[in-house]
Amino acid sequence: MTSNQRAILELTRATRDRTGNLPPLPAIYPDSMAPVVRQGENGERELTMMRWGMPGPVQYGGHPVTNIRNTRSPHWRRWLGPAQRCLVPVTSFSEWEDTKPKKTPVWFALSEERPLFAFAGIWTTWTGTRGPKSAPVEGEHELYGFLTCDPNETVGAIHPKAMPVLLTTPDEMDTWLEAPWEIARELQRPLPDDDMLIVARGDRRDPA
């Protein structure tokens, strides 16, 4: 996520910024902090920092889950209302290509310029220990994950199982944050191939 705060606020129509001095994030990893936009208690849209990884089902060990596919599951259904939905601003994302001798990250974006868009996310508060083993953080956390769907051909050629749910317009973002689930769930679909492309292969994450 390499866009600045002003660009995020303008695209998502957020009016409150709780992130402080937000630096560019050339790599965001599971269990790390990242900017997220949600509806505040007073209805004001706010940009805040959350930790990536929703609480997983207890029957499977409760391990953090970074992305969510089965929205029919009772475990995820509780967080599908507007109050628990969020936008995860990004400028590109990667999937791993099964190359030898080691896998290669392949980077996707809306264009070579890597304009800002968002993943369709959900969030919750959770109490416990999270963060790296070298510096665990105990207490209450605000956690997020994002929805996935069937991949389009662009992503499917690299990662045939799934792709993130991408929201590219302010109207789509409004729908995700505000609409009833019967309407918002229609956004859980792959972005058309013509609307995105591969922008890099390997460890280089910055725009060319």
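By convention here, the first residue in the shown sequence is residue 1.
- Hydrophobic clustering places Ile28 together with Met33 (ILVMFWY residues linked when any side-chain heavy atoms are closer than 4.5 Å, directly or through intermediates).
- Under the 4.5 Å side-chain criterion, counting only non-hydrogen atoms from C-beta, Val36 is not in contact with Met49.
- Counting heavy atoms from C-beta on, the side chains of Leu87 and Leu177 come closer than 4.5 Å.
- Proximity of a side-chain donor or acceptor of Trp176 to a complementary backbone N or O of Ala184 within less than 3.5 Å is not detected.
- For Thr2 and Thr91, the side-chain atoms include at least one donor-acceptor pair closer than 3.5 Å.
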Next on the checklist: Walk me through whether Leu143 and Met50 qualify under side chain to side chain contact (heavy atoms under 4.5 Å, CB included).
Outcome noted: CA-CA 5 Å; Leu143 308 175; Met50 293 189 191; over 6 Å; no
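- With no hydrogens or angles considered, a side-chain donor-acceptor pair links Thr154 and Asp193 at under 3.5 Å.
- Residues Phe108 and Glu95 form a side-chain contact, since some pair of their non-hydrogen atoms from C-beta on lies under 4.5 Å apart.
- The two residues Met173 and Leu11 come nearest to each other via the heavy atoms CE-CD2, 3.5 Å.
- Note on Glu97 versus Arg201: salt bridge recorded, some NZ/NE/NH1/NH2 to OD/OE distance being below 4.0 Å.
- In terms of heavy atoms, Pro164 sits closest to Leu166 at O-CD1, 3.0 Å.
- A salt bridge links Glu172 with Arg189: the distance from a Lys NZ or Arg NE/NH1/NH2 to an Asp or Glu carboxylate oxygen falls below 4.0 Å.
- With hydrogens and angles left out, the side-chain atoms of Thr124 and Trp79 include a donor and acceptor closer than 3.5 Å.
- Counting only distance, with no hydrogens or angles, the side chain of His75 and the backbone of Thr71 share no donor-acceptor pair below 3.5 Å.
- Using the six-membered ring where Trp is involved, Phe119 and Phe93 have ring planes that are perpendicular, over 60° apart on the 30 and 60° scheme.
- The side-chain heavy atoms of Ile183 and Thr175, taken from C-beta on, include a pair separated by under 4.5 Å.
- By the criterion of side-chain heavy atoms lying less than 4.5 angstrom apart, applied directly or through intervening Ile, Leu, Val, Met, Phe, Trp or Tyr residues, Trp107 is not grouped with Met196; the two fall into different hydrophobic clusters.
- The shortest heavy-atom contact between Met54 and Trp123 is SD-CA, 3.8 Å.
- You'll find the side chain of Leu80 reaches within 4.5 Å of the side chain of Ile122, heavy atoms only.
- At least one side-chain heavy atom of Glu178 sits under 4.5 Å from a side-chain heavy atom of Arg45.
- For Glu46 and Thr48, the side-chain atoms include no donor-acceptor pair closer than 3.5 Å.
- Closest heavy-atom contact between Thr66 and Trp52: O-NE1, 3.0 Å.
- Shown here for Pro151 and Pro160, the closest heavy-atom pair between the two residues is CG-O, 3.4 Å.
- Side-chain contact of Glu142 with Thr125: a donor-acceptor pair under 3.5 Å is absent, judged by distance alone.
- The minimum heavy-atom distance between Val90 and Met1, with the atom names listed, is CA-CG, 3.7 Å.
- Here the side chains of Pro35 and Leu22 are in contact, with some heavy-atom distance below 4.5 Å.
- Using modelled atom types, one finds no donor on one side chain facing an acceptor on the other under 3.5 Å when comparing Thr169 with Asp171.
- Checking Thr19 against Gln5 by side-chain atom types alone, a donor-acceptor pair falls below 3.5 Å.
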